[in-house]
There are 2 protein chains.
Amino acid sequence: MAHGIDDVARAAGVSTATVSRALRGMPNVSAKTREHVLSVAAEMGYRASPLASALASGRTHTIGLLTPWVNRWFFSNVIEGAERALREVGFDVLLYSFAVSENGRTPRVDPDVLRRRVDGILVVGLPLEDTEVRSLETLGKPIVFIGSGSSDHPIVGIDDVRLSVEAVRYLRSLGHRNIGHITGTPDDLRRWTPPVDRRTGWLTALEEAGVEADPRWEEFGFFDIDGGKESARRLLERSPEITALFVASDEMAMGALLAARECGIRVPEDLSIIGVDGHEISELVGLTTMSQPVVAQGATAAALVLDLIAGRPVDQHVVFDAELVVRGTTGAPREGPLRVVNPAL
Amino acid sequence: MAHGIDDVARAAGVSTATVSRALRGMPNVSAKTREHVLSVAAEMGYRASPLASALASGRTHTIGLLTPWVNRWFFSNVIEGAERALREVGFDVLLYSFAVSENGRTPRVDPDVLRRRVDGILVVGLPLEDTEVRSLETLGKPIVFIGSGSSDHPIVGIDDVRLSVEAVRYLRSLGHRNIGHITGTPDDLRRWTPPVDRRTGWLTALEEAGVEADPRWEEFGFFDIDGGKESARRLLERSPEITALFVASDEMAMGALLAARECGIRVPEDLSIIGVDGHEISELVGLTTMSQPVVAQGATAAALVLDLIAGRPVDQHVVFDAELVVRGTTGAPREGPLRVVNPAL
DNA sequence: CTGTTAGCGCCTTCAC
DNA sequence: GTGAAGGCGCTAACAG
């Protein structure tokens, strides 16, 4: 049942070298020989052992996918996109979830685990410390980042500054001027550029409008629903002059929505909220958001590593567009101050 | 930089066989030799090539993880649990997402892709057709299922019938008798046992109470938020005598929550809702649910394949307990009929 | 306990 | 265009 290459060679009446060449579509095989070998191999159900092939050739046809989380929206979608794209061209995906330490310390990556196992590396989501990038580089394999990453290596992502400017401009176009911002804690993820850039975009767009951003208009918290909820609660209690919120992720925006509801604040009548991501749930909740393609980012990154492996030239920076999706959480600013009914829950 | 086993052997003044034995902790090496080899190897930064090792030994130290989705709650959490557990013991995870065809047809798995690449297989989430299981079996490697699967192979999961009985009993204990059920469409996933079993549990618990389940009390739809929303809308409009809903997943339950809100139905004053899963968002939404461990299911399944690979005996069925988590969406039944304010949205 | 010797299954120069 | 032969880097008998 489990045939080897020489079984095929014997059955086809040729040498193993010819079988190998024919099966991989190499040029120096006559058309009729190739056809014959192919049919014999197919008939026998022969498939070359990926291990033996990898050992002999040095190419594993495998990509290492490094990610801190597989169970979060952005990450799992990017992974799905990358996996599909790679499998389509016969590449395998080795999944490595490396832990982000609780205390906000460096995520630890062990390059030895990848040594001689992969042809290329995809780093999804978090940028690595310089030392970690260096250690990965010792593997001598192409590396592509998604989300944000290291210079020296291609990055696939979105233009966070621009998308944020656009979001805030949209709020302004509705008449808002006192626009707050909720984002993730910069301590834990200092090198994670999206939050930084989104904040920059917020500031920029306010400046454009001649509005001076009050430091009391921004709030940091965890980058999830709960974090968004807490941040929103603090923010709304502290700065009742705010009429709209630009929130750096949909999950945090949903938290803000919950906080508003608990405080008796109507959305969008009393408060407008816009998020970033295009999370599926946003659609159901009716959240206005800047939607980013995620599966496509994964697929594109996959294509980039493959290009690098093949020695083709690639762009160092692939930027996807985010798209404003207007739904029910944004509207004209209210008149008068905000009445917070039950801030302490 | 990239040393081979004979570099180490030479440097340590022993044979390659001894190096191999020492490094893998085999018994027949003297303590001092082993120590010496280990230190030399460490000093040289030597790591055996997994490929060469796999080729020579027939063991790849790799597990193939088959899943239809990596970006859905249950799946991504199971994957995360399995990956962590496997990596801890030095096993790699090859990720294979096989498409579930749109029209509800058989998911397609190609065993050839896994041939000679893995020591064992984890099937996450969906059961395979018998023919597919057979084809996987030709690989001659242990297979473990998670969620629901094929007999003949170990399954890790929860007791869906029991958990559902418990959920409905809880609603009864609050005074409910007219308890509806929302679940997933059985056409698409006929072999997917959880929905079937949860429905059975619902019927059983009603019967226990001497309540005859009206067929109009149940509704099928897609197994996600949107599906739950649609199902709830239809159900509430049609059967206003219902005072509580047992929903087969948290995501569908959240959809039901949204539907209720849009219809002007207060939860839990007018309607009680209980879900199944223990989704993170449920906590924030205040959804009462039967919470199941997911990461643990992944980790346990991983342990099972490893046991099978090692030739250890294993249980054919590992059942985890689901736990009732009471939150804000369940309460005493209302008096009188349900008033649906705006059923068409 | 340790060394020697064949492979594992394929790829890849190098001749022809 | 095709074949022969030597690895790729390690493991696994088999001796000793």
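The analysis underlying the following values was restricted to heavy atoms, covering all of them including side chains, and did not include hydrogens, waters or symmetry mates. In what follows, chains are A, B, ... by sequence order, proteins preceding strands, each numbered from 1.
Under the rule for a side-chain contact (heavy atoms from CB on, under 4.5 Å), the partners of B:S49 that lie at least two apart in sequence or sit in another chain are A:R116, B:L51, B:A52. In terms of the salt bridge (Lys or Arg N to Asp or Glu O under 4.0 Å) criterion, residue partners of A:D307 (sequence neighbours excluded) are, by chain and number, A:R312. For B:R134, the salt bridge (Lys or Arg N to Asp or Glu O under 4.0 Å) partners are B:E137, B:D152, not counting sequence neighbours. Under the side chain to side chain donor-acceptor pair (under 3.5 Å) criterion, B:S97 pairs with A:E83, A:R84, not counting sequence neighbours.
No side-chain heavy atom of B:D92 sits less than 4.5 Å from a side-chain heavy atom of B:L86. Using a 4.5 Å heavy-atom threshold, the side chains of B:L114 and B:I121 count as touching. Between B:V156 and B:L304, some side-chain heavy-atom pair lies under the 4.5 Å cut-off. The side-chain heavy atoms of A:S150 and A:L128, taken from C-beta on, include no pair separated by under 4.5 Å.
Rotation axes derived from the C1' atoms of the five outermost pairs at either end of the helix from C:dC1-D:dG16 to C:dC16-D:dG1 lie 30° apart, to the nearest 10°.
Listed for the A:T138 side chain is a donor-acceptor partner under 3.5 Å among the backbone atoms of A:S135. Listed for the A:N77 side chain is a donor-acceptor partner under 3.5 Å among the backbone atoms of A:W73.
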Considering only distance and modelled atom types, tabulate donor-acceptor pairs under 3.5 Å from the side chains of residues 61-68 of chain A, sequence neighbours left out.
residue: A:T62; atom: OG1; partner: A:T60; partner atom: O; Å: 2.9
residue: A:T62; atom: OG1; partner: B:R117; partner atom: NH1; Å: 3.2
residue: A:T67; atom: OG1; partner: A:W69; partner atom: N; Å: 3.4
residue: A:T67; atom: OG1; partner: A:W69; partner atom: O; Å: 2.9

Solution key, residues 18-30 of chain B side-chain donor-acceptor pairs under 3.5 Å, sequence neighbours excluded:
residue: B:T18; atom: OG1; partner: B:S15; partner atom: OG; Å: 3.2
residue: B:S20; atom: OG; partner: B:R24; partner atom: NE; Å: 3.3
residue: B:S20; atom: OG; partner: B:R24; partner atom: NH2; Å: 3.1
residue: B:R24; atom: NE; partner: B:S20; partner atom: O; Å: 3.3
residue: B:S30; atom: OG; partner: B:T33; partner atom: N; Å: 3.2
residue: B:S30; atom: OG; partner: B:T33; partner atom: OG1; Å: 2.5

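Near-neighbour residues of DNA chain D inside residues 31-41 of chain B, defined by a heavy atom below 4.0 Å, are absent. Contacts between residues 49-59 of chain A and DNA chain C, defined by a heavy-atom separation below 4.0 Å, involve A:S49, A:A52, A:S53, A:A56, A:S57, A:R59, listed by number. Across residues 11-22 of chain B, B:A17, B:S20, B:R21 each have a non-hydrogen atom less than 4.0 Å from an atom of DNA chain D (numbered order).
Taken from CZ in A:F223 to CZ in A:R72, the straight-line distance is 10.0 Å, to the nearest 0.5 Å.
Around the CD atom of B:E35, the shell of radius 6.0 Å holds no more than 12 heavy atoms that belong to other residues, nucleotides or ligands. Within a 6.0 Å sphere centred on CD of A:E88, heavy atoms belonging to other residues, nucleotides or ligands number 12 at most.
Extent of DNA chain D lying under 4.0 Å from chain B heavy atoms, first and last nucleotide in 5' to 3' order, is D:dG9 to D:dA13. The outermost nucleotides of DNA chain C lying under 4.0 Å from heavy atoms of chain A, listed 5' to 3', are C:dG9 to C:dT12.
The two residues B:F74 and B:G147 make their nearest non-hydrogen contact at CZ-CA, 4.3 Å.
With respect to the salt-bridge test (charged N to carboxylate O, under 4.0 angstrom), the residues A:D119 and A:R59 do not qualify.
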